[in-house]
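To start, the structure under review is shown below, and the notes come after it.
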Protein chains: 2
Amino acid sequence: MTRTPLADVACSIARATDLFGDAWTALIMRDVLAGVTRFDELVHDLGISRKVLAAKLSRLIDEGVLVRESYRERPAREHYRATEKGRELYPVLLALMSWGDRWYAGEAGPPARIHHLDCAHDTTPVTACAHCGEALTADNTTQLPGPGGRVGPGTRVLGPLIASRAVQLPGARD
Amino acid sequence: MTRTPLADVACSIARATDLFGDAWTALIMRDVLAGVTRFDELVHDLGISRKVLAAKLSRLIDEGVLVRESYRERPAREHYRATEKGRELYPVLLALMSWGDRWYAGEAGPPARIHHLDCAHDTTPVTACAHCGEALTADNTTQLPGPGGRVGPGTRVLGPLIASRAVQLPGARD
DNA sequence: CTACTCAGGTTCCCTTAGGGAACTTGAGTC
DNA sequence: GACTCAAGTTCCCTAAGGGAACCTGAGTAG
């Protein structure tokens, strides 16, 4: 199958997708961040095959998203913890969860609630502008080429059409 | 291979991942939302195989994320547009992009900038609490069982460990 | 001291999704 | 009549995922 490698592409979504774009990584990170950190716990909680879990964990460690730690000697017991890079995937999980809640929750409502400890409210996440705090949507934003858009000889350029269009477009509004 | 089906699982991340958890869906949605909407344009921009693109587009249409529209008769030409459900995936893309920018942008900086039309600033997205506007992180939130957590006989329960832990945990803070 | 369990994997075989190139179809156009 | 273009579809091949069995080191019940 040899999945097309996306890590070397000049697009941060592609780079993130190269790691995150599979059936299990999001769920593994959800579990690890929620405290399900042991190999067998993950196998049972997710229903993932042991082989695939071992491969994913190994990849996530290589990427610096997880670390393998011993939490007990004699008998030796290991578990997995999120690094800072791993914990910063949390907004991605929130965005996925929020979308799933909105479009797939049945009559009963969403399966889980997010509780914000600092303000002590059950809440929903909003993807907001760091400047003005307003919600960012496909309609009120546009993408422009950034400083890292000029790439060296080893880097494949993904999205020349986007790059050229972004400048031409009056804006993403219809 | 027969990927484990996740759509019927009582977890919104799993439901979203069933559709979104592959190498291409995020990039297809990025392109469609940015105005790259024609079949051949997508093939050339993404480097995706025509076969796989056709399958993904078909799935995205079945899910109500995209619609296929004619934009010219004689010769008949079709393109793909995001529905509301599709446009609401934008925060997921922003979260992925933001994470990729933070952890994979080289010296040169990120490959693209987000421009917020309403406040006319280049910006970064923040995943914020809808109540108080503060940033939500793995540290300052906890997940609690929601109303849709009770599931019928046809629904597989994913994450009983989480469900039981969420109640016990004093909070996600270390 | 032998048998059993448990955690954390690894090995094996099998199926199937993805890569990639070639082919198809319907319409325009040189 | 030959060529191009858009939008797929068909073909073959490889490798990734599923799943069950196996392995290994350490504790522990009888």
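Letters A, B, ... mirror the listed sequences (proteins, then strands); counts begin at 1. Computed over heavy atoms, backbone and side chain alike; hydrogens, waters and symmetry mates excluded.
- For the residue pair B:A82 and B:L66, the shortest heavy atom distance occurs at CA-CD2, 3.8 Å.
- Put simply, the side chain of B:K51 and the base of C:dG19 share a donor and an acceptor less than 3.5 Å apart.
- Although no hydrogens or angles enter the test, the distance criterion places no donor-acceptor pair under 3.5 Å between the side chain of A:T37 and the main chain of A:R81.
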Quick one: which protein N/O atoms are closer than 3.5 Å to N/O atoms of nucleotides 24-30 of chain C? Pair and distance per line, please.
none

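- Atom pair A:D22:CG and C:dA17:P shows a separation of 16 Å (rounding to whole Å applied).
- As rounded to whole Å, 12 Å separates atom P of C:dG9 from atom NE2 of A:H79.
- The backbone N or O of B:A135 lies less than 3.5 Å from a partner atom in the side chain of B:N140, making a donor-acceptor pair.
- For the residue pair B:C119 and A:C129, the shortest heavy atom distance occurs at SG-SG, 3.8 Å.
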Go through it in stages, so that I can follow the logic: the residues are B:T141 and A:Y90, the test is side-chain contact (heavy atoms from CB on, under 4.5 Å), and I'd like the CA-CA distance, side-chain angles, deciding distance and then a yes or no.
CA-CA 10 Å; B:T141 59; A:Y90 191 64; 2.5 Å; yes

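- Nearest approach of A:M97 to A:A112, heavy atoms of both residues: CE-O, 3.8 Å.
- No hydrogens or angles were tested; on distance alone, nothing pairs the side chain of B:R50 with the base of C:dG20 as donor and acceptor under 3.5 Å.
- Between A:I48 atom CD1 and D:dG17 atom C1' there is a gap of 9 Å when expressed in whole angstrom units.
- Side-chain proximity of B:V52 to the nucleotides C:dG19, C:dA7, D:dG18 is greatest for C:dG19.
- When the C1' atom of D:dA6 is taken as reference, atom CZ of B:R72 falls 9 Å away, rounded to whole Å.
- Atom-to-atom, CD of A:E73 to C1' of D:dG27 comes out at 15 Å; the value is rounded to the nearest Å.
- Per the geometry, CG belonging to A:L53 stands 17 Å off P belonging to D:dA16, to the nearest Å.
- Salt bridge B:R50/B:D40: present, at least one basic N to carboxylate O contact under 4.0 Å.
- Of all nucleotides listed (C:dG19, D:dG8, C:dG9), C:dG9 comes nearest to the side chain of A:A54.
- In this pair, B:W99 and B:Y104 present their aromatic rings perpendicular. The plane angle is above 60°, beyond the 30 to 60° band.
- For the pair A:L46 CG and D:dG17 P, the interatomic distance rounds to 15 Å; values are reported in whole Å.
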Salt bridge (Lys or Arg N to Asp or Glu O under 4.0 Å) for B:D18 and B:R59? Distances and angles first, verdict last.
CA-CA 11 Å; B:D18 188 69; B:R59 172 82 199 280; 3.1 Å; yes

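- B:W24 has a side-chain polar atom (N or O) that falls below the 4.0 Å cut-off from OP1 or OP2 of C:dG19.
- Near-neighbour residues of DNA chain D inside residues 55-70 of chain B, defined by a heavy atom below 4.0 Å, number-ordered: B:R68.
- The distance from atom CD of B:E78 to atom P of D:dG8 is 7 Å, rounded to the nearest whole Å.
- Contact check, A:Y80 against C:dG9: a side-chain N or O comes under 4.0 Å of OP1 or OP2.
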